[in-house]
Amino acid sequence: MEIKRDIYLDKLIRKKKNGLIKVVTGVRRCGKSYLLFHLFHNHLLETGVPEDHIIEVALDDRRNKKLRDPDAMLQFIDESIKDKEDYYIILDEVQYLDEFEDVLNSLLHIRNADVYVTGSNSKFLSSDVITQFRGRGDEIHVYPLSFSEYTSAYQGTLDEAWDDYLVYGGLPLILTMEAPEDKAEYLNSLFQKVYISDIVERHNVRNKAELDELVDILASAIGSYTNQNKLARTFKSVKGKSISDKTIKNYIDYLIDSFLISKAARYDIKGKKYIGSPSKYYFEDVGLRNARLGFRQVEQTHLMENIIYNELRIRGYHVDVGVVEHFEVTGDGKRGKKQLEVDFVATRGSEKYYIQSAFALPTAEKVNQEQRSLLSIPDSFRKIIVVGDNIKVRRDENGIITVGLSNFLLDENSLKL
């Protein structure tokens with residue numbers, strides 16, 4: 001079974017021999033090793049690179065334990081480079097390599113070497129890419145499978161694929177499992193034994209129970225505004241525990257840094273500025289989110305919103321939550337000001353899209369509710385409503401575009417139609 005991951009493969013190809021270390025990041029088990037050791041490796045062979053000019057080391061393999069020594073690794077690479085032709089060095093799970101930052105910076109001095117590394121655990125997370133390589137690293141973030149990638153390898157109908165994806169998410173190994181209990185057990189085990197353990201180890205978290213409870217609260221609140229103060233009150237009222245907003249902020253930062261959740265900030269569309277808290281948090285993989293809650297809160301509305309958010313980020317957009325002022329006449333005849341929400345403001349370079357997620361539009365009132373905020377935006381950027389129904393793209397007299405969810409997710413150009 002081969003899963004197409006063309007978005008990331010194309011990025012690797014574009015960044016070849018750019019003089020920087022290509023750092024492939026992402027939550028554990030999202031397919032980073034497969035991307036480099038299989039897809040990118042095959043690309044190199046197909047473009048004429050000899051096999052012996054591809055130097056690959058899986059550092060989490062005990063058979064390569066000796067190469068975790070920095071001097072042994074550098075000696076191995078030096079001895080493997082036998083001519084002046086281009087060599088491609090691929091190091092998987094580079095955090096196993098002692099003093100890996102120093103080794104990678106040393107590799108940059110080899111003129112005919114192009115370096116690619118992956119890292120995902122407690123010693124190599126997103127902020128490390130920024131701090132460790134001082135402008136010499138080029139990050140490529142790999143997400144769990146998009147719905148399009150998922151369907152490319154799924155054995156079944158499109159509706160069946162969506163039902164499974166909505167519940168169990170897009171970690172690639174899920175596609176090899178048939179029994180629901182196996183999928184659930186895998187996701188639960190991964191969350192506790194890998195992700196949470198990494199965070200506890202890396203940050204020396206003393207109260208793991210608090211961290212677990214915060215994850216559960218955030219999982220229940222996807223698509224809802226929240227901030228540290230609100231979360232602290234929730235701990236007090238629901239859990240009967242006092243926890244400082246500073247501690248909560250630290251925990252959230254740890255979760256973001258380990259690629260488990262992402263933050264969508266509030267953006268004032270008319271004022272063109274960020275408002276500050278509260279914000280929204282979305283899970284990088286909905287299957288992991290559902291597993292945290294024992295698969296008891298599989299609500300299509302919220303999960304659809306989370307999946308749309310992830311899809312936009314996979315396509316390379318920066319995604320915020322939009323806020324726009326709307327003036328309307330109140331019941332007493334006075335003109336009042338009201339803040340309306342736009343689910344997502346997606347920007348990429350000069351592109352900008354305003355997007356609403358609406359699982360269903362059963363009534364004219366619901367249609368007006370979703371359109372009201374879009375119609376209040378005073379610019380000409382495209383305004384889109386993604387609905388759960390399987391409909392083709394249509395545009396109304398106000399220029400608002402409505403597109404069905406499957407069409408949106410499966411067509412990479414769906415925002416431009």
Side-chain angles (χ1 to χ4, degrees), residues 126-127 129-131 135 139 141 143 218 221-234 244-246 248-257 259-284 302 305-330 334-358 368-386 398-401 415-416:
S126 61
S127 63
V129 177
I130 299 171
T131 59
E139 183 179 8
H141 185 72
Y143 294 84
L218 291 173
I222 57 169
S224 301
Y225 283 119
T226 190
N227 57 27
Q228 289 94 300
N229 292 332
K230 182 179 179 180
L231 289 168
R233 291 194 298 271
T234 300
S244 70
D245 55 353
K246 181 180 178 181
I248 289 175
K249 181 183 183 302
N250 288 338
Y251 286 167
I252 289 175
D253 288 343
Y254 301 161
L255 294 167
I256 292 173
D257 218 22
F259 313 116
L260 285 172
I261 65 172
S262 299
K263 176 182 176 180
R266 294 175 78 208
Y267 181 74
D268 179 351
I269 295 173
K270 289 184 178 180
K272 298 182 179 180
K273 62 182 179 181
Y274 286 98
I275 301 173
S277 65
S279 303
K280 291 187 178 184
Y281 296 93
Y282 295 96
F283 272 70
E284 193 110 331
H302 293 148
E305 184 177 324
N306 199 142
I307 290 169
I308 291 173
Y309 172 82
N310 288 343
E311 178 68 25
L312 292 168
R313 296 188 69 227
I314 289 169
R315 296 184 188 183
Y317 290 95
H318 178 84
V319 186
D320 299 310
V321 178
V323 177
V324 62
E325 288 185 350
H326 173 74
F327 291 90
E328 58 185 34
V329 178
T330 60
K334 296 182 179 179
R335 193 166 181 262
K337 182 171 65 174
K338 184 179 181 181
Q339 281 194 338
L340 301 178
E341 180 182 315
V342 177
D343 287 333
F344 302 122
V345 180
T347 56
R348 185 177 66 182
S350 60
E351 297 177 50
K352 181 179 289 187
Y353 299 93
Y354 302 109
I355 300 165
Q356 295 285 63
S357 170
N368 291 334
Q369 177 186 329
E370 295 296 338
Q371 289 191 349
R372 191 176 299 120
S373 57
L374 297 178
L375 293 172
S376 300
I377 300 172
D379 64 41
S380 58
F381 288 108
R382 188 163 294 194
K383 302 167 180 68
I384 300 170
I385 301 175
V386 181
N398 295 311
I400 294 177
I401 298 165
L415 291 175
K416 302 175 182 179

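Bear in mind that the values here come from a model prediction, so they are computed numbers and not experimental data. Only this structure's heavy atoms are used, side chains among them; waters, hydrogens and symmetry mates stay out.
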#### Entry: Closest non-hydrogen atom pair between I275 and Y267, with its separation
CD1-C, 4.3 Å

### Query
With a 4.5 Å limit on heavy-atom distance, are the side chains of I401 and R382 in contact?
yes

### Task
Identify the heavy atoms of A265 and S279 that sit nearest to each other, and give their distance.
CA-OG, 4.2 Å

### Atom pair CD1 (I400) and CD (Q371), whose distance is rounded to the nearest 0.5 Å
4.0 Å

### Task
Taking Q356 for its side chain and D343 for its backbone only, find out whether a donor-acceptor pair lies under 3.5 Å.
yes

### Message
Looking at K263, I want to see if its NZ is surrounded by more than 12 non-hydrogen atoms of other residues, nucleotides or ligands under 6.0 Å.
### Response
no

#### Entry: side-chain contact (heavy atoms from CB on, under 4.5 Å) partners of S277, counting only residues at least two apart
N227

### Message
Between Y317 and Y353, is there a side-chain heavy-atom distance shorter than 4.5 Å?
### Response
yes

#### Entry: Q339: partners by side-chain contact (heavy atoms from CB on, under 4.5 Å), with sequence neighbours left out
R266, V323

### Summary
Taken in chain and number order and not counting sequence neighbours, the residues that satisfy side-chain contact (heavy atoms from CB on, under 4.5 Å) with N310 are N306

### Distance (rounded to the nearest 0.5 Å) between D320 CG and I269 CD1
9.5 Å

### Message
Can you confirm whether N398 sits close enough to L374 that some side-chain heavy atom of one is under 4.5 Å from a side-chain heavy atom of the other?
### Response
no

### Message
For the backbone of E341 and the side chain of S373, can you confirm whether one donor and one acceptor N or O come within less than 3.5 Å of each other?
### Response
yes

### Query
Are I355 and V319 side-chain neighbours, meaning at least one heavy-atom pair lies under 4.5 Å?
no

### Query
Residues in side-chain hydrogen bond (donor to acceptor under 3.5 Å, both in side chains) with D379, at least two apart?
Y354

### Message
Could you walk me through whether T234 and T226 satisfy the side-chain contact (heavy atoms from CB on, under 4.5 Å) test, starting with their C-alpha distance in whole Å, then the side-chain angles of each, then the deciding distance to 0.1 Å, before giving a yes or no?
### Response
CA-CA 10 Å; T234 300; T226 190; over 6 Å; no

### Query
Distance-only, no hydrogens or angles: does the D268 side chain make a donor-acceptor pair with backbone N or O of K270 under 3.5 Å?
yes

### Query
To the nearest 0.5 Å, how far apart are CD1 in I261 and CD1 in I222?
11.5 Å

### Query
Counting only N and O atoms by type, is there a donor-acceptor contact under 3.5 Å from the side chain of K352 to the main-chain atoms of S350?
no

#### Entry: Aromatic ring pairing Y282/Y309, orientation class (parallel under 30°, perpendicular over 60°, tilted between)
parallel

### Message
Between D245 and K249, does the salt bridge (charged side-chain N to carboxylate O under 4.0 Å, His left out) criterion hold? Intermediate values first, please.
### Response
CA-CA 6 Å; D245 55 353; K249 181 183 183 302; over 6 Å; no

### Task
For V324 and S376, work out which heavy atoms get closest and say how close.
CG2-O, 3.5 Å

### Distance-minimising heavy-atom pair for S357 and I308
OG-CD1, 3.6 Å

### Summary
The reported gap from OH in Y281 to CG in L231 (rounded to nearest 0.5 angstrom) is 7.5 Å

### Query
Atom NZ in K416, atom CD in E351: separation rounded to 0.5 Å?
4.5 Å

### Task
Using the test salt bridge (charged side-chain N to carboxylate O under 4.0 Å, His left out), find all partners of R315 that sit at least two apart in sequence or belong to another chain.
E311

### Query
Taking only residues two or more places apart in sequence, or in another chain, which ones meet N250 in a side-chain contact (heavy atoms from CB on, under 4.5 Å)?
K246, Y254

### Query
Do the numbers put K280 on top of the ring of Y225, so that NZ or CZ is under 6.0 Å from the six-membered ring centre and no more than 45° off the axis?
yes

